[in-house]
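What follows is a single structure, written as structure tokens, with notes after it.
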Amino acid sequence: MRTPPTGLFDRVYDIVRGIPRGRVMTYGQVARAVGVTRGARAVGWALSALPRSLERRVPWHRVVGVGGRISPRAGTGPLVQRRRLRAEGVRFQGEKVDLARHGLFA
DNA sequence: GGGCTGACTGACG
DNA sequence: ACGTCAGCCAGCC
């Protein structure tokens with residue numbers, strides 16, 4: 001058994017951990033998933049604080065901005081995020097992720 | 001309790 | 001299409 005996540009951070013990590021390979025969610029969608037309708041910014045903040053120890057289990061690269069944009073300050077860098085996504089077969093429309101194809105809804 | 005901050009967003013010019 | 005501005009949220013000091 002695992003104690004249910006309390007703070008926003010843990011709830012965010014929980015949701016992100018559940019994003020399937022090859023799919024992506026926007027900060028806004030994650031926020032809504034954790035019960036914070038307009039907490040997109042807070043979600044980004046939570047991911048920026050992602051502990052090194054969780055980098056393995058939490059696929060942070062599957063979280064993108066609205067419209068499929070890649071945040072300039074994401075993780076090790078937008079290039080890394082892009083590379084990881086492409087490695088999963090995620091298609092891009094220019095600089096943006098093709099949400100119509102890989103967007104996750106919930 | 002008040003103010004600051006940031007991997008966000010939507011509206012404008 | 002692009003930079004700026006102003007709301008929005010929760011954790012930290």
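Because only heavy atoms are used, hydrogens play no part in the values below, and waters and symmetry mates are left out as well, while side chains stay in. Predicted model only: the values in this text are computed from it and were never measured.
Atoms OH and CG, from A/Y27 and A/L47 in turn, are 6.5 Å apart once rounded to the nearest 0.5 Å. Note that OH of A/Y13 is 7.0 Å distant from CG of A/L54, once rounded to the nearest 0.5 Å. A distance of 10.0 Å separates CG in A/L79 from CD1 in A/I70, rounded to the nearest 0.5 Å.
Rounded to whole Å, the distance from CH2 on A/W45 to C1' on C/dG7 is 17 Å. Rounded to whole Å, the distance from CZ on A/R38 to C1' on C/dA10 is 15 Å. Atom-to-atom, NZ of A/K96 to C1' of B/dC8 comes out at 15 Å; the value is rounded to the nearest Å. Rounded to whole Å, the distance from CZ on A/R11 to C1' on C/dC9 is 11 Å. One can place CD1 of A/I70 at 11 Å from P of B/dT9, the figure rounded to the nearest angstrom. One atom, CZ of A/R32, and another, P of C/dC8, lie 18 Å apart when rounded to the nearest Å. Counting to the nearest Å, the P atom of B/dG6 and the CG atom of A/L8 are 17 Å from each other. With rounding to whole Å, A/W60 atom CH2 is found 13 Å from B/dC8 atom P.
Panel note: side chain A/R11, backbone A/V34; a donor-acceptor pair is recorded below 3.5 Å.
A/R73 comes within 4.0 angstrom of a base, heavy atoms only. A/L47 comes within 4.0 angstrom of a base, heavy atoms only. Looking at heavy-atom distances under 4.0 Å, A/G39 makes contact with sugar-phosphate atoms alone, never a base. Using a 4.0 Å heavy-atom distance criterion, A/A40 is classed as a sugar-phosphate-only contact.
The partner of B/dG13 is C/dC2, judged by Watson-Crick or G-U wobble contacts that both fall below 3.5 Å. In this structure, C/dC13 and B/dG2 make a Watson-Crick or G-U wobble pair, each of the two defining distances being under 3.5 angstrom. Nucleotide C/dC8 forms no Watson-Crick or G-U wobble pair with any nucleotide shown, as no partner meets the under 3.5 Å limit on both distances.
The nearest heavy atom of DNA chain B to A/A42 and to A/T26 marks one nucleotide each, and the one closer to the 5' end goes with A/A42.
The side chain of A/V66 lies closest to B/dG10, out of B/dG10, B/dC8, C/dG11. Ranking C/dG7, B/dA7, C/dC9 by closeness to the A/V36 side chain, first place goes to C/dC9.
One can find a donor-acceptor pair under 3.5 Å joining the base of C/dC8 and the side-chain atoms of A/R41.
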Inset, instruction - Mind running side-chain hydrogen bond (donor to acceptor under 3.5 Å, both in side chains) on A/E88 and A/H102 for me, showing each step along the way? - result: CA-CA 11 Å; A/E88 297 183 355; A/H102 309 283; over 6 Å; no

